[in-house]
Amino acid sequence: MTQRPSLHPSPLAIALALGATSVSAQESPPTLSAIEIKGQALQGAASAYSSTSFESDEIAEKHVSQPTELLRHVPGMNVQNYQLSGVADTIVMRGFGGGGHGGDVGVVLDGIPLNEAMSHADGYVDLNVIVPLEIERFTLYKGPVSALYGNFNRAGLMAVETRKRGEYKELDASLGSSSTVDLQGALGVKLGDGEYLNLAAQHFRTDGFRAQSDFHRSTLAGRWTKRISADLDIALSGRWHEADGESPGYVTAAQFARDPYGKDPRAMNDGANKHFATLRADMNYALSPSVKLLTFAYTTQQDFTRWFSRPVNATTWRQREETYDRKVYGAGTSLNGRTAMGSTPLNWVAGLETFRESTQYQYYDGLNNRARLAPAINDRTSRLNSVSAFGEVEAPIHALFKPSAGLRWDRFTGNCARDGAETATDPCGPLATMSHASPKLGVRSDIAPGVQLRASWAEGFALPSTFAKYALGAATLEPNVFRQTEVGAQFKPVQGLVLDVAAYRLTSSDEIRTVAPGVYENYGATRRSGVEASALWAAHRDVDLSLTYGSAHSRVTENGNAALIGKQVAGVPRYMATVSATWRPVADWSTTATWRRVGAYAVNADNSVGYGGYATVDLSVAYKATSRYEVYAAVANVSDKAYATSASVIGGTQVFAPGAPRTFKIGTKLQF
């Protein structure tokens, strides 16, 4: 049977546990022997919160070129692809429509935050710096439930762990339509007793399915791990990524109806380029057999430039250019333990961490094929500093009562300085010190064999966005607070069938709005609610079925513009569903059909423009004679449907990012 995603691993268990082996709550705890970061103490405990986890084997079987392709198999999640080369897409989660391209979803890679504090939008994040073949576990937490992470953790968190230790040699190579090439490799080598080297690399290039859409990216990641003594482990890791490409830009509604794969003649020579590097050091020391001290330090260096054309009114398009040079320095330490209070085992983590992030930002508008015709709108450097304390504990007192609790406290300081002449009216000065404490509570109950109930309440927050946080009057602002209540259940009625359902309500208060240039206030609220469900069924020894479904009902409940009260949150589909069936007709052969439906959604804030959604069907076939050799082929969008992966209103004009037509892919995966 094909390996399936784990539905509910612990937030502490999975969050950045490096090199550990998953165990069930009934099994003996693992020895504290691998390099870890934080949260290892709850490895294997079930969770009171909804989450979905993909393990390395299943990720490899899906042969994805980028991690975001996995999100279609997560209840209630959607990726709205802008089809702009090198530019991060928007991720929809728990009724929020601004993850990835904005700050609604947090992303961490082996403990390193990938969200950019002051890039194109607060919390902007690009998952293309990750090689799919290097992933050990990819976990998605729903809502602000994890105390291990703070800002940008309001709709949820995506925690990616890469492979640590182990001996393996793997290669996945594929060719596809539009001269697409994807080469991925992963290598694990044992250098000596307790010493390992793990490497991963990817090169991806394509001519694209539209004119002026060629793009390439390359990534190299490595990690060296060394056992110094029975109690001490150290590790060094690094990552380098570069990307460069052209973009055909958006098309208007009329163009989309006439020629969805064309290019608006007013779009210029759009594109983007990026360089990204990280370096990290870890040290783990076992204070006792059940308590471990985890310490890490890292730096991230990045430059990113994007230039693209968009309408500014019904007849005129303009090209703009944005450049972000970003530097981050961070460190942290935590205690992780498994102890007992009487007869009750306690799994816990407590820690401190800090980072300093600076972003040099330049913004020009009205370019002519990248020739600057006007002074900079923005030319400034912003700095954001953070100190955080966190703790979580789980106490499985009884099968019917397994509570958990967490608390996170964050404090932010910083400043903004102009680097040259500019025309912007956005504020730029010292950041008023801001702090917030976010509690998390949950409980789960095994009420019968194969039946588990869960309930939770969690709080998260968001700082004022963009340069609002640097306004002189921002000292009077409170953080935007998010509170989620969730109830859920998991059923295993018969062998081979797992059903899971969750209902949530997530409210936002103290939203921050602009009253006048440089003047802001806490006034605004939103209510998000929905249902998410999944079913995994081994219907026959040769047939596996899976279903994921999510609905989202997001409404504005308080706003300075009374006309927006009761309106839908833009960019959030009313529902999303994925159905997959895998059939193994003969030995060594398998074929999979996947149907994906994205429902209608409002495109703009007043809901005067909408998009009706779309549905696609994909097919794939694979031949795997041994565990070391696999050949596969896939057809995406079998019906050659013309659809848009995102719809927007820019400059009063509705524009679309066309999805790919029918495309083909063939490849092979080798294990040496």
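Hydrogens, waters and symmetry mates are skipped; everything else that's a heavy atom, side chains included, is used.
Between the side chain of Gln202 and the backbone N or O of Leu133, no donor-acceptor pair lies under 3.5 Å. Without hydrogens or angle criteria, Thr359 side chain to Ser382 main chain gives no donor-acceptor distance under 3.5 Å. A donor-acceptor pair is defined here as one N or O able to donate and one able to accept, closer than 3.5 Å; no such pair exists between the side chain of Thr333 and the backbone of Thr295. Put simply, the side chain of Arg310 gets close to the backbone of Arg318: a donor and an acceptor are under 3.5 Å apart.
Between Glu136 and Lys164, no side-chain nitrogen of the basic residue sits less than 4.0 Å from a carboxylate oxygen of the acidic one, so the salt-bridge criterion is not met. Ion pairing of Lys669 with Asp172 is absent here, as no side-chain N (NZ or NE/NH1/NH2) approaches a carboxylate O to less than 4.0 Å. Arg372 and Glu321 are joined by a salt bridge, as a carboxylate oxygen and a charged side-chain nitrogen come within less than 4.0 angstrom of each other. Under a 4.0 Å N-O distance rule, the pair Arg280/Asp282 qualifies as a salt bridge. Residues Arg596 and Asp618 are not paired through a salt bridge, judged by the lack of any N-O separation under 4.0 Å between the basic side chain and the carboxylate. No salt bridge links Lys190 with Glu167; every basic N to acidic carboxylate O contact stays at or beyond 4.0 Å.
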task: Could you walk me through whether Thr381 and Asp419 pass the side chain to side chain donor-acceptor pair (under 3.5 Å) test, one step at a time?
output: CA-CA 7 Å; Thr381 297; Asp419 297 328; 2.7 Å; yes

field: Working for salt bridge (charged side-chain N to carboxylate O under 4.0 Å, His left out), residues Arg163 and Glu134
entry: CA-CA 6 Å; Arg163 300 162 79 169; Glu134 73 173 314; over 6 Å; no

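Judged by distance alone, the side chains of Asp325 and Gln301 never bring a donor and an acceptor atom under 3.5 Å apart. With no hydrogens or angles considered, a side-chain donor-acceptor pair links Tyr168 and Asn198 at under 3.5 Å. For the residue pair Thr663 / Ser177, no side-chain donor-acceptor distance below 3.5 Å is found, with atom types taken as modelled. Counted by atom type alone, Thr592 and Thr582 present one or more donor-acceptor pairs between their side chains at under 3.5 Å. Of the N and O atoms on the side chains of His241 and Thr219, at least one donor lies less than 3.5 Å from an acceptor on the other residue. A side-chain N or O of Gln66 and one of Asn128 form a donor-acceptor pair less than 3.5 Å apart. For the residue pair Glu116 and Gln302, a side-chain donor N or O sits within less than 3.5 Å of a side-chain acceptor on the partner.
Ring pair Tyr124/Phe304: centre-to-centre distance below 6.0 Å.
Applying the ring pair (Phe, Tyr, Trp, His ring centres under 6.0 Å) rule to His63 yields the partners Tyr632; only residues at least two apart in sequence or on another chain are considered. Considering only residues two or more places apart in sequence or on other chains, Glu242 meets the salt bridge (charged side-chain N to carboxylate O under 4.0 Å, His left out) condition with none of them.
Within the 4.5 Å cutoff, the side chain of Trp307 has no heavy atoms near those of the Arg320 side chain.
Dense packing is recorded around CZ of Arg662, with more than 12 heavy atoms of other residues, nucleotides or ligands lying under 6.0 Å away.
Taking the centre and axis of the six-membered ring of Tyr261, the NZ or CZ atom of Arg210 falls outside the cone set by 45° and 6.0 Å. Both tests hold for Arg380 against Phe467: distance to the six-membered ring centre under 6.0 Å, angle to the ring axis within 45°.
For the side chain to side chain contact (heavy atoms under 4.5 Å, CB included) with Met158, the qualifying choice from Leu127, Thr139, Val108 is Leu127, the only one to do so.
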